[in-house]
Amino acid sequence: MVGAYLSSASKYFITTPIFYVNAAPHLGHLYSMLLCDFQKRWLDLKETPNYFTTGTDEHGLKVQIAAELNKTDPRLFCDNLSNKFKHLAQISDIQYDRFIRTTDADHLATVRQFWETVWKNGYIYKGKHSGWYSVSDETFYPESQVEQKDGKTVSVETGSEVIYESEENYFFKLSAFQSQLVSLYKSDPQFVIPNNYYLDLLKELEREPLQDLSISRPSSRLQWGISVPNDESQKIYVWFDALVNYLTSIGYPSSRYKEFWPGTHLIGKDISRFHCIYWPAFLMAAKVAPPEKVVVHGHWLMGGSKMSKSKGNVADPLVIGDYYGIDSLRLFLGANSILSNDCDFTERKLNDHRDLFIDKICNVVTRCISKSFDPARSVMSYSNEDMNLVWKSILERGWDGDLEKAKELNKSYDEIVDDTEQLFSKIDVLMSTFTTHKSIGEIFDLMLKVNQFVNATEPWNLKSNESLQDLSIFVALDVTRVCLILLQPFIPGLSNRLLDMIKVESSKRTATYAAFQQDSSYGQGAKFLKGSTPPLNKVPLRAGAYE
RNA sequence: GGCGGCGUAGCUCAGCUGGUCAGAGCGGGGAUCUCAUAAGUCCCAGGUCGGAGGUUCGAGUCCUCCCGCCGCCA
């Protein structure tokens, strides 16, 4: 990255947003966690040190009011909902390193420290904030954005009732950072990906003057928050508080934080302004480097429509994961993720994709280790052989006597092995931009070629020619082994179950082994007989499925 | 209203930097096989690349206008 700050991080730091605890978690929350988990596991696969955080955002008036409505203490209310997010993470096999809460003690201290730093650097001042205020939106609206409706003044945008308020707050000098923000964007066109979000933000920064930001609220209205240092009459604005979580979780203000920073934020498009404009400005005000990258994703629609509580079509990932298996949900979301788009979810699509996985990948495994073949002998015979010599001989003698067929099969073999050798590198490039649908697509494409090769070689007709039969099965098994290793970040449970079936040692499931002929120790005892339990069974569409 | 993105086969997408004037998977139709989770393999049909102009020897790809969808700001 080119810019005013040099990256000193020795660990790849990746974050989800921290989720606001005003409601139970949904598919969108899971999506953010999954994209980070895929990335983290990919980094683990190639042994890149990394640190992954997720968590909950727990202060603010909405939480305070929701707690009151539930006749409970805000703290207990937050504990309950935060646990639901932790539960979703656990059930979904999300391997975060820290689950941070904005009520955590170290966070409270860090926010105060950060505030004081920005204050001392001269970017916070007192000012008067007035306008039409919506409690539910926690937003001031200008005159042009409110209207009269049923005798009330309401926000044009959200319909919520607004009242005119005037109060003294603390302000952040966001305007002081406009040109620096433009420079940041121009110096790194990949600062925000995908490009459509980047262009939006850059154009806005170039055209619209940034208004200073009110960053506190009177304690008389907002009790559930962090007090402004040295001024108990004001509470810190939730977004200021929340964004600092990314520094809290890596040890700021201790200099230890530089081991991880700058990091990569994965966020939904609805909060891009906070993460892509305010947050970098806050950081600059504190003389801290901006993030390395902000990755923005769209939303999941339900059958083409926005999910909404009022429509009753908010997908519950726990229910879906429980029925189809969490790895099926992980795989579907990963395989259909296109960051720049809103993506469409239905259980039918999920289940069709689940069937595809069973047909195109699970079946290859059971096919190769069925009673008709000897996988152990196949691996033993070919995992260390010089395949050039093997094919030289076959091209001379023919495939089971057929010279023409030998040529065709050799060509197919070369193509498959080339693809396998390049698979890790290809996916590595794709994963650097979180392009999971193409990553998973590459694996499925290669597995298609494996089936084609097996069909072309017809090993079931080669009972009298063990050498050729074993060659066919070995190629199929070894390419499948590589694919399964590389599928681990997306479907850790299923991949490992299939790797177990072909007896790959646990220690040989890393990127080091994700190439052709890199493991000679598997296959022994790999058998799938009638009556054996398949790794995954097809199921009918769930009763009452989301469609 | 201003700004930005998108619009490719029934569906989901690929096609980046102009050059075999378009591909893949799924779905559909047909054939074949029975080593394998009723799995596999092969063949075929499906496209005004939103519309109209322009630049160019040549445009899905570049430019202009229009239509539709989505988003941001006001």
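Within every chain, numbering begins at 1; the chains are lettered A, B, ... in the order of the sequence lines, protein sequences first and strands thereafter.
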Listing for RNA chain B: consecutive Watson-Crick or G-U pair runs of at least 3, distance cutoff 3.5 Å, ranges ordered by first number, gives B:1-7 with B:67-73, B:10-13 with B:23-26, B:28-32 with B:40-44, B:50-54 with B:62-66
On RNA chain B, does the nearest nucleotide to V454(A) precede the nearest nucleotide to H437(A) from the 5' side, or the other way round? Give the residue.
H437(A)
I'd like to know if D342(A) and K269(A) make a salt bridge, using a cut-off of under 4.0 Å between side-chain N and carboxylate O.
yes
Let me know the distance between CD1 of I338(A) and P of A14(B), rounded to the nearest Å.
5 Å
Anti or syn - G46(B), cut at 90° from 0
syn
Is the distance between the ring centroids of F172(A) and F282(A) under 6.0 Å?
yes
Q469(A) CD to C35(B) P, straight-line distance once rounded to whole Å
12 Å
Does P459(A) reach a base, just sugar-phosphate, or nothing at all? Heavy atoms under 4.0 Å.
nothing
In terms of heavy-atom contacts, does NZ of K407(A) have more than 12 from other residues, nucleotides or ligands at under 6.0 Å?
no
Can you tell which of G4(B), U41(B), U37(B) lies closest to the side chain of N537(A)?
U37(B)
Just to confirm, is there a sub-4.0 Å distance from OP1 or OP2 of C42(B) to any side-chain nitrogen or oxygen of Q452(A)?
yes
Regarding N196(A), tell me which of base, sugar-phosphate or nothing describes its non-hydrogen contacts under 4.0 Å with the strands shown.
sugar-phosphate
Does the plane of the ring in W279(A) sit parallel, tilted or perpendicular to the ring in H265(A)? Use 30° and 60° as the thresholds.
tilted
Can you tell whether the side chains of K173(A) and D212(A) come within less than 4.0 Å, N to carboxylate O?
no
Does a side-chain N or O of K203(A) approach OP1 or OP2 of G2(B) to a distance below 4.0 Å, or not?
no
Taking atom C1' in both U8(B) and C13(B), compute the distance separating them and give it to the nearest angstrom.
10 Å
Taking everything shown except K405(A) itself, do over 12 heavy atoms lie less than 6.0 Å from its NZ?
yes
Atom NZ of residue position K306(A) - does it have more than 12 heavy atoms of other residues, nucleotides or ligands inside 6.0 Å?
no
Nearest whole Å is fine: how far is G5(B) P from Y197(A) OH?
13 Å
Using the C1' atom on both, measure G25(B) against G46(B) and round to a whole Å.
15 Å
Let me know the distance between NZ of K449(A) and C1' of G25(B), rounded to the nearest Å.
13 Å
Under 4.0 Å between a side-chain N or O of N341(A) and OP1 or OP2 of C13(B)?
yes
What does P535(A) touch in the nucleic acid at a heavy-atom separation under 4.0 angstrom: a base, only the sugar-phosphate, or nothing?
base
Nearest to the side chain of K438(A), which nucleotide is it out of C35(B), U12(B), A14(B)?
A14(B)
Among the candidates C35(B), G25(B), C73(B), find the nucleotide nearest to the side-chain atoms of S370(A).
C35(B)
d(CG, N195(A); C1', U17(B)) in whole Å:
14 Å
Aromatic ring pairing Y413(A)/F453(A), orientation class (parallel under 30°, perpendicular over 60°, tilted between):
tilted
Take atom C1' in C62(B) and the same atom in G19(B), then report the distance between them in whole Å.
14 Å
Between P on G4(B) and OH on Y185(A), what's the gap in Å once rounded to a whole number?
16 Å
Would you mind telling me which of C13(B), G71(B), U37(B) lies closest to the side-chain atoms of K269(A)?
G71(B)
Is the ring pair F19(A)/H29(A) parallel, tilted or perpendicular, if the boundaries are 30 and 60 degrees?
perpendicular
Which nucleotide in G5(B), U41(B), U37(B) has an atom nearest any side-chain atom of L199(A)
G5(B)
Out of C42(B), C35(B), U37(B), which nucleotide sits closest to the side chain of T366(A)?
U37(B)
Any idea which of G71(B), U37(B), C73(B) is nearest the D200(A) side chain?
G71(B)
Taking atom C1' in both G18(B) and C11(B), compute the distance separating them and give it to the nearest angstrom.
30 Å
When you get a sec, tell me which of C26(B), C13(B), C35(B) is the closest nucleotide to the side chain of L356(A)?
C26(B)
Inter-nucleotide C1' distance (G40(B), C35(B)), Å rounded
9 Å
Residue N451(A), side-chain atoms from C-beta onward, closest of G40(B), G5(B), G15(B)
G40(B)
Given atom CG of D445(A) and atom P of C26(B), what is their separation to the nearest angstrom?
10 Å
For U48(B) and U56(B), measure between their P atoms and round to the nearest Å.
28 Å
Suppose we call a contact any N or O donor and acceptor under 3.5 Å apart; does that hold for the side chain of R367(A) and the base of C35(B)?
yes
Roughly, in whole Å, what's the span from CG in D344(A) to P in G10(B)?
18 Å
Between A74(B) and G58(B), how many Å separate the two C1' atoms, rounded to a whole number?
44 Å
Residue whose closest nucleotide on RNA chain B lies nearer the 5' end, E204(A) versus V364(A):
V364(A)
So, OP1 or OP2 of C26(B): does either fall under 4.0 Å of a side-chain N or O from K349(A)?
no
What's the closest nucleotide to the side chain of K530(A) if the choices are U41(B), C73(B), U37(B)?
U37(B)
Euclidean distance for P, G1(B) against G60(B) (whole angstrom)
32 Å
Anything under 3.5 Å between a donor and an acceptor, one on a side chain of residues 320-334 of chain A, the other on a protein residue two or more places apart or in another chain? List them.
residue : atom : partner : partner atom : Å
Y323(A) : OH   : P540(A) : O            : 2.8
Y324(A) : OH   : E347(A) : OE1          : 2.7
Y324(A) : OH   : R542(A) : N            : 3.0
D327(A) : OD2  : G493(A) : N            : 2.8
D327(A) : OD2  : L494(A) : N            : 2.7
S328(A) : OG   : Y324(A) : O            : 3.0
S328(A) : OG   : R354(A) : NE           : 3.2
R330(A) : NE   : F490(A) : O            : 2.9
R330(A) : NH1  : D37(A)  : OD2          : 3.0
R330(A) : NH1  : S92(A)  : O            : 2.7
R330(A) : NH1  : D93(A)  : O            : 3.3
R330(A) : NH2  : D37(A)  : OD2          : 2.6
R330(A) : NH2  : P489(A) : O            : 2.9

